[in-house]
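Here is the structure we will look at.
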Amino acid sequence: ECAGTTTRHSSVSWCSSPGALYHILVHGYGAESGIFDLSLADDGQPCPFSINCRPANDECEQAIPITNETLMSDNTGANTSAITTICGTTTNDVWFYYRARCDGELWADTCQLDMGSMLDSVVSLYDGCSGEELDCNDDYWDMTINCEHRSAVIGSVYQEQDILIRVAGFGSHQLNQGTFPLRVTEVSAPLVLISFPTLPDGTLGNPYS
């Protein structure tokens with residue numbers, strides 16, 4: 001209380017993301033105006049998943065577009081889609097879409113092991129949100145590359161085809177959530193597979209040609 005007047009303070013909390021820019025609007029109730037102090041604090045606690053703080057691409061219909069690049073993303077707090085996958089039990093999936101430039105093979109992977117905190121991923125390709133699963137991979141390896149518990153999926157595509165890419169954690173362990181790199185590369189002709197699907201070492205972070 002101040003000079004017989006009751007001061008009514010307001011507060012708000014939200015689930016924040018590292019590096020994000022937030023705008024805070026302060027206004028008086030009704031016609032009230034005057035000088036105020038604005039305090040901002042981080043309580044240092046992880047954001048409870050009960051707070052609706054899910055990734056923007058949590059649902060297939062909200063898939064984020066991606067081109068031939070490496071995109072850092074995060075599946076922390078994401079829901080698990082009802083859609084099934086041939087790769088086993090998955091959880092906390094997020095979605096991306098890619099439009100093929102030509103007929104050939106599409107490679108989508110999370111194999112850059114020095115990037116991101118999610119340890120065990122599953123990557124799947126679909127031809128629609130309620131469509132067919134084109135291919136899926138968990139724990140990719142061949143004679144030249146070992147993605148450990150991360151994944152690389154290779155699928156045949158045709159020109160102008162819209163491909164949905166689902167990245168999920170394997171199983172339901174807490175460490176299967178976090179940040180991860182998603183790299184998409186398109187090869188204009190079908191890959192020549194010798195004994196195993198041999199590709200350049202994806203852990204080096206170099207694009208495929």
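In this structure, Pro181 and Met115 approach most closely via the heavy-atom pair CD-O, 3.2 Å. Minimum interatomic distance between Glu133 and Ser124 (heavy atoms only, all atoms of both residues): OE2-OG, 3.3 Å. The two atoms that bring Cys129 and Ile83 nearest to each other are O-CD1, 4.0 Å, heavy atoms only.
Inspection of the Trp141 and Asp139 side chains reveals no N or O donor paired with an N or O acceptor under 3.5 Å. Side chains of Thr110 and Ser121: a donor on one and an acceptor on the other come within 3.5 Å. For the residue pair Asn75 / Asn92, no side-chain donor-acceptor distance below 3.5 Å is found, with atom types taken as modelled.
Interatomic distance, Leu113 CG to His149 NE2, rounded to the nearest 0.5 Å: 10.5 Å. Residue Cys147 holds its SG atom at 11.5 Å from CG of Asp120, rounded to the nearest 0.5 Å. Going from atom CD of Gln177 over to atom OG1 of Thr91 covers 6.5 Å, rounded to the nearest 0.5 Å. Note that CD of Gln112 is 4.0 Å distant from OG1 of Thr70, once rounded to the nearest 0.5 Å. In this structure, CG on Asp103 lies 9.0 Å from CD on Glu186, to the nearest 0.5 angstrom. Within the model, atoms CZ of Arg99 and CD of Gln161 stand 10.5 Å from one another, a figure rounded to the nearest 0.5 Å.
Under the 4.5 Å side-chain heavy-atom criterion for Ile, Leu, Val, Met, Phe, Trp and Tyr, Val184 and Met72 are members of distinct hydrophobic clusters. Phe180 is connected to Ile64 through a chain of hydrophobic side-chain contacts under 4.5 Å among Ile, Leu, Val, Met, Phe, Trp and Tyr, so both are in one cluster. In the hydrophobic clustering of ILVMFWY residues, with side-chain heavy atoms under 4.5 Å counting as a link, Tyr98 and Leu134 come out together. Residues Leu164 and Ile66 do not share a hydrophobic cluster, defined by chaining ILVMFWY side chains whose heavy atoms lie under 4.5 Å apart. Both Leu106 and Leu182 belong to a single network of hydrophobic side chains, linked directly or stepwise wherever heavy atoms of I, L, V, M, F, W or Y lie under 4.5 Å apart.
Listed by chain and number, the residues in a salt bridge (charged side-chain N to carboxylate O under 4.0 Å, His left out) with Asp127 amount to none (sequence neighbours excluded).
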If you look only at distance, which donor and acceptor atoms sit under 3.5 Å apart when one is on a side chain in residues 152-160 and the other is two or more places apart or in another chain?
| from | atom 1 | to | atom 2 | distance (Å) |
| --- | --- | --- | --- | --- |
| Ser156 | OG | Glu105 | OE1 | 3.4 |
| Ser156 | OG | Glu105 | OE2 | 3.1 |
| Gln159 | NE2 | Arg101 | O | 3.4 |

Between Val122 and Val167, does the side-chain contact (heavy atoms from CB on, under 4.5 Å) criterion hold? Intermediate values first, please. CA-CA 6 Å; Val122 176; Val167 179; over 6 Å; no
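Side chains of Ser73 and Phe96 form a contact here, defined as non-hydrogen atoms less than 4.5 Å apart. Side-chain contact check for Asn79 versus Glu59: some heavy-atom pair is nearer than 4.5 Å.
Using bins of under 30°, 30° to 60° and over 60° for the plane-to-plane angle, the ring pair Trp107/Tyr140 lands in the perpendicular bin.
With Ser81 as reference, Asp93 is the one residue of Thr90, Asp93, Val94, Asp58 to meet the side-chain contact (heavy atoms from CB on, under 4.5 Å) rule.
Between the side chain of Thr179 and the backbone N or O of Asp74, no donor-acceptor pair lies under 3.5 Å.
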